[in-house]
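First the structure, in the form of structure tokens, and then the observations on it.
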Amino acid sequence: MTRKMTGAKMIVQALIDQGVDTVFGYPGGAVLPIYDEVFQQNSIKHVLVRHEQGAVHAAEGYARSTGKPGVVLVTSGPGATNAVTGLTDALLDSIPLVVLTGQVPTFMIGSDAFQEADTVGITRPCTKHNWLVKDTDKLAGVLHEAFHVATSGRPGPVLVDIPKDVQFATGQYEPKKPSVSHYQPPVKGDMTAITELVAAMETAKRPVFYTGGGVINSGPAASQLLRELVEATGFPITSTLMGLGCYPASGDKWLGMLGMHGLYEANMAMHDCDLMINIGARFDDRITGVVDLFSPKSTKAHIDIDPSSINKIIRVDIPIVGDVGHVLEDMLKVWKSRGRKTNSEAVAKWWKKINEWRSIDCLKFEQNGKVIKPQYALARLEALTKKYDRYITTEVGQHQMWAAQYLGFEDPNRWMTSGGLGTMGYGFPASIGVQMAHKDALVINVAGEASWLMNMQEMGTAMQYNLPVKQFILNNERLGMVRQWQELLHGERYSQSWSESLPDFVKLAEAFGAKGILCSDPDDLDDAIMEMITYDGPVIFDCLVEKHENCFPMIPSGKAHNDMMLAGVDTQGVIDAKGSVLV
Amino acid sequence: MSALKLKKGSTSHSAYNLRANFSDVIERHTLAVLVENEPGVLARVIGLFSGRGYNIDSLTVAEVDHTGHRSRITIVTSGTPQVIEQIKAQLGRIVPVHDVHDLTVEGPSVERELAMFKVSGTGDKRVEALRLADIFRASVVDSTLETFIFEITGAPEKIDAFADLMRPLGLTDVARTGVAALPRGD
Ligand SMILES: Cc1ncc(C[n+]2csc(CCOP(=O)(O)OP(=O)(O)O)c2C)c(N)n1
Ligand SMILES: [Mg+2]
């Protein structure tokens with residue numbers, strides 16, 4: 001059944017056919033026909049953000065917390081360019097998004113028309129794919145293909161640029177049907193390679209699962225299979241920042257996060273293991289540190305849906321290209337059919353070693369005195385919010401790393417953070433996107449005061465849509481992570497890393513009609529957090545914390561995993577000249 | 001199994017300068033990339049090379065199947081084996097790319113390039129240029145009293161060799177098409 005309709009109507013129809021319930025956007029001249037259609041329907045909720053970057057991050061939060069693609073609608077020119085940071089963020093973290101941009105009419109393209117930008121040119125390197133649609137008859141087909149590409153294989157953001165005349169013109173609507181696209185990334189892993197990995201698992205003495213965001217992207221079933229595999233083999237498991245929640249933090253095989261600010265036991269296990277099983281992670285430089293010192297004694301297996309991830313940074317011995325869920329299923333099948341073998345004696349010895357590392361208790365801190373330690377604030381937040389139906393987003397900086405260290409995630413899709421791009425300003429709009437998808441959940445953005453200010457205008461959105469998002473700001477009045485690096489690398493010359501002239505966050509909240517809470521005394525913290533949780537509406541929680549706290553453990557730039565800095569050590573001169581060029 | 005035929009163990013380079021410390025030899029590969037002939041597809045391929053810092057030694061592109069909307073991009077690139085593998089994998093994940101063939105490793109292939117050389121000179125040099133052109137089976141496609149334009153087709157090395165010979169004889173201008181290549185047999 002095909003139907004004639006305008007391009008603008010087709011867009012709304014295609015979104016409905018794709019099961020979209022929420023669109024984040026901002027209107028402008030080049031998308032007015034689409035907004036006219038949005039006005040005349042009730043199937044799709046439109047969330048009016050306050051800046052297009054906010055729309056894209058909100059859509060990321062929506063996508064990451066639901067597993068569905070996030071949808072964004074913005075105008076041409078500045079609307080599109082404002083979306084670029086969000087697109088790049090989603091590309092690096094493999095978040096499925098469909099971004100629709102208006103464009104000047106086809107006959108004006110190339111004339112430097114008002115609000116014209118070469119949107120497909122600008123976004124080519126920051127999308128998985130993009131399209132400029134010049135013919136209304138092709139519009140519906142492209143939109144359906146856009147959803148297919150965003151969500152198949154390694155997910156990512158796509159963009160469809162739609163000139164205004166194409167929105168007005170009438171054409172044939174193509175209904176959604178099974179994709180005829182040649183783009184069909186294989187999901188099944190090679191059975192020979194899977195068998196080779198299982199054989200390596202049977203004899204491994206010091207195995208470790210190194211998991212990442214790919215497990216989350218593969219869907220909840222993949223996390224379930226991972227749990228089964230971990231419990232069945234008894235192997236230790238660590239995860240990247242992006243993978244937190246794929247295995248429960250309360251599980252006894254859990255080593256905590258690894259990487260630059262990862263846990264001592266996780267990094268030591270990675271360094272000393274003899275079999276590394278990478279599941280849906282990508283050997284990012286935050287994880288590997290210096291590559292030639294990375295886990296020198298291990299056989300490395302790598303399961304990834306994207307062939308270009310294999311051998312990109314670390315050469316691996318057993319590459320398996322496929323979807324994590326499918327590969328885990330086959331691994332379990334093969335492992336069981338071969339008699340469920342592990343080298344349990346050696347693995348028990350390995351656990352003894354790991355428990356020695358654990359006993360160092362690398363996250364210990366002391367809350368003494370009248371100033372709140374950021375670690376303490378997060379430990380209390382964890383204790384008081386754990387039992388809730390809780391989703392956490394973060395901004396970028398020290399608070400982000402502390403959140404990853406001190407909050408525990410039991411399930412996938414509960415933790416939204418900007419990993420690959422490290423985008424300050426991500427967390428607040430992301431929390432709005434999450435809350436839109438989970439109306440009754442407790443959604444908390446763990447923020448730094450500097451990051452939070454980058455998209456603070458979204459308070460208007462939170463108020464307008466009655467979204468009770470909690471902005472938990474660890475306010476150190478510093479660009480804390482920058483300050484830490486200046487302390488470690490630049491002779492404590494704190495160049496431009498002060499947050500000067502900060503607003504009164506309580507008054508700021510009140511100005512928007514929200515609630516503001518200020519807390520500076522550790523003794524008041526629990527009550528203040530409870531007040532935040534129980535308040536029915538958006539809250540800005542201004543938590544004044546220790547200003548010069550450093551985030552540890554830390555693998556200094558240019559060092560190996562077994563060369564970590566722990567809290568309480570002398571921080572001067574640990575990073576040499578070679579290390580200091582690294583970011 | 002090592003489906004990608006790479007050595008065991010971690011790489012000997014830092015994530016921050018992936019290629020500088022790379023000890024492996026630089027290899028030259030000819031890649032045939034079959035793409036959907038849609039707007040922007042060449043920009044995607046070129047953007048990949050510039051964005052990730054890969055080399056393009058030569059590149060040719062033309063539609064090869066009008067009804068099927070297919071174009072063929074032939075790229076000659078150079079890099080260490082790891083870089084070549086990355087290039088192929090990165091090309092493979094561009095959505096409108098249908099197929100990537102590494103003609104250098106996939107068995108014998110035939111490479112051809114067309115070039116035009118403008119050589120200006122008089123007297124002995126002019127005669128010598130004509131004589132050498134004959135040996136290389138280059139044909140004269142234009143001539144004035146002081147210049148020739150030679151057209152030559154062949155493997156890139158043959159064209160390089162011809163250029164070397166023409167240089168002392170008054171070579172003033174070169175236009176080369178870049179390599180087109182096809183695998184031999186079926
Ligand atoms: C958009 C953007 N600009 C700059 C940076 C560099 N940067 C990383 S962390 C940081 C400081 C963040 O300060 P704050 O949000 O207060 O968090 P804190 O580290 O103090 O917890 C900066 C400037 C970045 N990551 N993103
Ligand atoms: Mg701060």
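Numbers restart at 1 for each chain; the letters A, B, ... are given by sequence-line order, proteins then strands.
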Test of understanding: with side chain to side chain contact (heavy atoms under 4.5 Å, CB included), list the residues that count as partners of A:D330, not counting sequence neighbours. A:K188, A:M191, A:I194, A:K333

From the list A:L87, A:L91, A:D93, A:T85, side chain to side chain contact (heavy atoms under 4.5 Å, CB included) with A:D89 holds only for A:D93

Residue list, ring pair (Phe, Tyr, Trp, His ring centres under 6.0 Å) with A:Y183, at least two apart or on another chain: none

Counting only heavy atoms not in B:E106, do more than 12 fall under 6.0 Å of its CD? yes

May I ask you to check whether A:H271 and A:F294 place their ring centers less than 6.0 Å from one another? no

Checking side-chain polar atoms at under 3.5 Å, does A:S94 have a donor or acceptor matched by the opposite partner on A:N217? no

Quick one: which residues of residues 86-104 of chain B reach chain A at under 4.5 angstrom, heavy atoms only? B:Q86, B:A89, B:Q90, B:R93, B:V95, B:P96, B:V97, B:H98

I'd like to know which of A:H182, A:K128, A:R124 tops the heavy-atom pair count under 4.5 Å against chain B. A:H182

Partner residues of B:F117 under the ring pair (Phe, Tyr, Trp, His ring centres under 6.0 Å) criterion, sequence neighbours left out: B:F162

Determine the option with the most heavy-atom pairs under 4.5 angstrom with chain B, choosing from A:D306, A:L132, A:V120, A:V321. A:D306

